[in-house]
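Worksheet for the structure shown next.
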Amino acid sequence: MLYTESYLEHSWAHCLNADRKTRELREQVAFKWLAPSGQWRTHYFDLLVEQADGTRLACPVKPEARVTPELEAEIALIARQAVDSGFADDVRLLTDVDLDPVELSNARLIYSVRKPDAEADEAAAAVIAQMGGISMVSELAAEIGQGARGYRAIIRSIGRGRLRTTRYERLAPEIEVFHAGEDE
């Protein structure tokens, strides 16, 4: 479980956690850096992402209204030191302006159904294996025959990459999906 300090951090944590490239997500990770004054300071990165390929991304999260030239300069200095020291491979400032509402909605839905349901997930896998083209989420859930449990299993399959949407849109019963292969 992540403990975030703001709604914006919580939203970004959902999006990063739902990204299939993310292996681990941590919050409030301390990094010691040398300020221009010569004093050592501690910066807490709001989110630290370790991706499946081993890349580490350190992310400060700020509302766009609070991003000033002074803050950008300080983050740039901290970023150079974080990368040079090997603490992170990249530093990315995440703001509310960069937050995609479709991505956030989908990430929240996928998170809400994350708990496996062996029976429904097995039934979903069997239905997906028989797919021959494009189907609506509601059609697949009906084929599973377990009501809301089947729908949640289909959403989990989208989250794992077994199913993909035909268009970039909010996940819903009426969207179309296709079989993309085994879980990623």
Side-chain angles (χ1 to χ4, degrees), residues 1-116 155-171 177-178 180-184:
M1 172 170 277
L2 289 176
Y3 297 97
T4 55
E5 295 182 342
S6 71
Y7 178 76
L8 183 58
E9 284 179 31
H10 189 74
S11 297
W12 270 110
H14 269 301
C15 290
L16 292 167
N17 196 45
D19 187 332
R20 288 188 295 276
K21 292 181 287 190
T22 298
R23 179 181 3 193
E24 183 180 2
L25 183 63
R26 297 184 329 198
E27 78 287 342
Q28 300 303 317
V29 179
F31 173 71
K32 296 260 187 221
W33 65 287
L34 187 59
S37 65
Q39 291 182 309
W40 285 98
R41 294 188 179 167
T42 302
H43 175 80
Y44 289 90
F45 283 102
D46 297 306
L47 299 169
L48 183 68
V49 182
E50 185 175 331
Q51 295 183 321
D53 67 1
T55 301
R56 291 168 49 100
L57 307 174
C59 305
V61 178
K62 303 289 180 209
E64 185 70 29
R66 288 190 45 218
V67 177
T68 63
E70 295 79 21
L71 178 65
E72 288 178 315
E74 183 174 286
I75 289 173
L77 178 60
I78 294 168
R80 276 194 300 282
Q81 292 181 36
V83 170
D84 289 348
S85 71
F87 175 84
D89 297 297
D90 195 9
V91 174
R92 297 183 185 163
L93 174 60
L94 306 176
T95 72
D96 48 326
V97 173
D98 304 313
L99 195 59
D100 181 335
V102 171
E103 180 182 4
L104 178 58
S105 174
N106 292 348
R108 284 188 174 141
L109 179 57
I110 290 167
Y111 182 79
S112 75
V113 300
R114 71 193 175 283
K115 185 177 177 185
I155 298 300
R156 278 191 294 280
S157 295
I158 293 169
R160 289 192 293 261
R162 179 171 276 179
L163 290 173
R164 295 223 175 113
T165 60
T166 58
R167 290 182 302 279
Y168 185 68
E169 59 189 325
R170 291 179 195 260
L171 298 178
V177 294
F178 62 94
E182 293 307 309
D183 293 354
E184 295 179 349

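Because the structure is a prediction, the values reported are computed rather than measured. For the numbers below, each heavy atom of this structure counts, side chains included, while hydrogens, waters and symmetry mates do not.
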Gap separating the [atom1] atom of [X] from the [atom2] atom of [Y], nearest 0.5 angstrom:
X: L104; Y: R170; atom1: CG; atom2: CZ; answer: 8.0 Å
X: N106; Y: Y168; atom1: CG; atom2: OH; answer: 6.5 Å
X: D98; Y: L93; atom1: CG; atom2: CG; answer: 7.5 Å
X: D84; Y: W33; atom1: CG; atom2: CH2; answer: 14.0 Å
X: E24; Y: N17; atom1: CD; atom2: CG; answer: 10.5 Å
X: F31; Y: R41; atom1: CZ; atom2: CZ; answer: 13.5 Å

Main chain of [Y], side chain of [X]: is a donor-acceptor contact present, judged purely on distance under 3.5 Å?
X: R156; Y: K115; answer: yes
X: D90; Y: V83; answer: no
X: S157; Y: L163; answer: no
X: Q81; Y: L34; answer: yes
X: R23; Y: A52; answer: yes
X: D96; Y: P63; answer: no
X: S105; Y: P101; answer: no

Is [Y] close to [X] at the side-chain level, that is, under 4.5 Å between some pair of heavy atoms?
X: C15; Y: D100; answer: no
X: E72; Y: K62; answer: no
X: F45; Y: R26; answer: no

(message) We want to know whether S11 and R108 form a side-chain donor-acceptor pair, criterion being a heavy-atom distance below 3.5 angstrom.
(response) yes

(request) Check whether the side chains of T95 and E64 place a donor and an acceptor atom closer than 3.5 Å, and report yes or no. (result) yes

Looking at every non-hydrogen atom in both residues, tell me the closest pair between [X] and [Y] and how far apart they are.
X: L25; Y: L47; answer: CD1-CB, 4.2 Å
X: A30; Y: Y44; answer: CB-CE2, 3.5 Å
X: D89; Y: T55; answer: OD2-CA, 3.3 Å
X: A180; Y: R164; answer: CB-CG, 3.4 Å
X: L71; Y: V67; answer: CD2-CA, 3.9 Å
X: P60; Y: V91; answer: CD-CG1, 3.9 Å

(message) As a quick check of understanding, evaluate side chain to side chain contact (heavy atoms under 4.5 Å, CB included) for E27 and D46, giving each step before the final call.
(response) CA-CA 5 Å; E27 78 287 342; D46 297 306; over 6 Å; no

(message) Is there a side chain to side chain contact (heavy atoms under 4.5 Å, CB included) between I158 and L171? Walk through the geometry before answering.
(response) CA-CA 9 Å; I158 293 169; L171 298 178; 4.0 Å; yes

